[in-house]
Visitor: 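Before I ask anything, here is the structure I am working with.
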Amino acid sequence: MAEPPTDTLPADDPTGFVIERASGEKVASQIARAIVRDIVQRGLSEGASLPPEPAMLEQYRVGRPTLREALRILEVNGLITIKPGRSGGPKVRRSDTSNLASQLSLHFMSRRVTYADVSSARRAIEPTLARLAALNATEAERQQLAELIHRTDQPRPRGSDLLAESLAFHRLVAVISHEPVLGPLSVSLQFILNPRRSEQEHSRTWKRLMSEHIPLGEAIIRGDAEQAEQLMAEHMSHYPPVKAHEEILDWQ
């Protein structure tokens with residue numbers, strides 16, 4: 001018998017899944033976690049198909065409403081997509097930092113976290129990421145950073161989006177740090193803060209911030225971790241506060 005394709009979760013593969021009713025956790029949440037565990041263990045890539053509904057009902061030994069609730073949990077959290085029709089069904093989706101930002105902002109809002117609190121967290125995280133980027137970046141990633149700061153050093157056409165350029169720089173530093181927790185967290189915090197930022201209110205400050213990317217990027221490229229960390233700390237201290245920074249976060 002032919003082996004099932006590696007990009008599809010086999011419907012007849014036993015999971016050993018057992019509902020833990022004594023835990024008090026909703027069954028749908030337990031099933032959602034079991035599905036994600038299966039996806040991770042099998043190394044399924046984005047776009048891989050999950051089994052059809054009848055097979056999943058048998059595999060997880062639950063009713064249709066509970067299974068659909070579990071799939072909805074995963075869909076809301078950006079881990080799968082569900083398309084109707086014969087060619088549809090649940091497919092694996094790679095969660096990104098915008099999904100994480102949405103989840104964090106909802107949690108932060110319920111905890112009465114302010115935009116100032118989020119800014120403070122970014123100031124604490126970013127220097128560590130710069131140090132790790134200097135230590136961990138590959139040669140190809142250092143070249144990518146060099147190209148980015150080279151564009152920063154060029155004259156900009158009128159109407160350039162400095163906020164987008166700033167996000168691109170800090171996102172790249174987070175990626176090349178190869179820090180799997182702080183990196184995505186930092187980018188997510190940027191997503192939360194950016195709607196409150198306005199480059200027009202502090203145009204001179206934003207131009208200064210963009211110019212600071214150059215020596216900071218150069219320190220990372222040459223692998224000077226101590227200098228990169230110091231420059232990033234100074235750089236983050238120069239950011240203007242976001243609008244109404246003492247307000248409690250809105251859910252994004």
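Numbering of residues begins at 1 and proceeds along the displayed sequence.
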Visitor: Tell me, please, which residues at least two apart from Q190 pass side-chain hydrogen bond (donor to acceptor under 3.5 Å, both in side chains).
Guide: none
Visitor: State whether the number of non-hydrogen atoms from other residues, nucleotides or ligands found under 6.0 Å of E58 atom CD is greater than 12.
Guide: no
Visitor: Looking at every heavy atom in both Y115 and D250, which two are closest together, and how far apart are they?
Guide: OH-N, 3.2 Å
Visitor: First locate atom CZ of R151, then atom CZ of F169, and finally report the distance between them rounded to the nearest 0.5 Å.
Guide: 12.0 Å
Visitor: Got a salt bridge between E53 and R68, using NZ or NE/NH1/NH2 to carboxylate O under 4.0 Å?
Guide: yes
Visitor: State, without any angle test, whether Q230 and E234 hold a side-chain donor-acceptor pair at a distance under 3.5 Å.
Guide: yes
Visitor: Quick one: side chains of residues 214-224, donor-acceptor pairs under 3.5 Å with protein atoms, not counting sequence neighbours, listed by atom name and distance.
Guide:
unit_1 : atom_1 : unit_2 : atom_2 : d
D224   : OD1    : Q227   : N      : 3.1

Visitor: Identify, with sequence neighbours excluded, every residue that meets side-chain hydrogen bond (donor to acceptor under 3.5 Å, both in side chains) alongside S95.
Guide: none
Visitor: Are any of the side-chain nitrogens in E229 or R131 under 4.0 Å away from the carboxylate oxygens of its partner?
Guide: yes
Visitor: For R111, enumerate each residue passing the side-chain contact (heavy atoms from CB on, under 4.5 Å) test, keeping only those at least two apart in sequence or located in another chain.
Guide: H107, V113
Visitor: With a 6.0 Å cut-off (strictly less than), is the heavy-atom count around CD of E246, excluding the residue itself, greater than 12?
Guide: yes
Visitor: Any idea which heavy atoms bring L67 and L57 closest together, and the distance?
Guide: CD2-CD2, 3.6 Å
Visitor: Nearest 0.5 Å please: distance from the CZ atom of R123 over to the CG atom of L189.
Guide: 12.0 Å
Visitor: For M56 and P90, work out which heavy atoms get closest and say how close.
Guide: SD-CG, 4.5 Å
Visitor: Quick one about T114 and D117 (side-chain donor to acceptor, distance below 3.5 Å, no hydrogens or angles considered), yes or no?
Guide: yes
Visitor: Distance-only check: which donor-acceptor pairs under 3.5 Å involve side-chain atoms of residues 76-85, not counting sequence neighbours?
Guide:
unit_1 : atom_1 : unit_2 : atom_2 : d
N77    : OD1    : Q103   : NE2    : 3.1
N77    : ND2    : I73    : O      : 2.7

Visitor: My understanding is that only residues two or more places apart in sequence, or in another chain, count here; which of them pass side-chain hydrogen bond (donor to acceptor under 3.5 Å, both in side chains) with R72?
Guide: E75
Visitor: If you round to the nearest 0.5 Å, how far is NE2 of H178 from CG of L135?
Guide: 11.5 Å
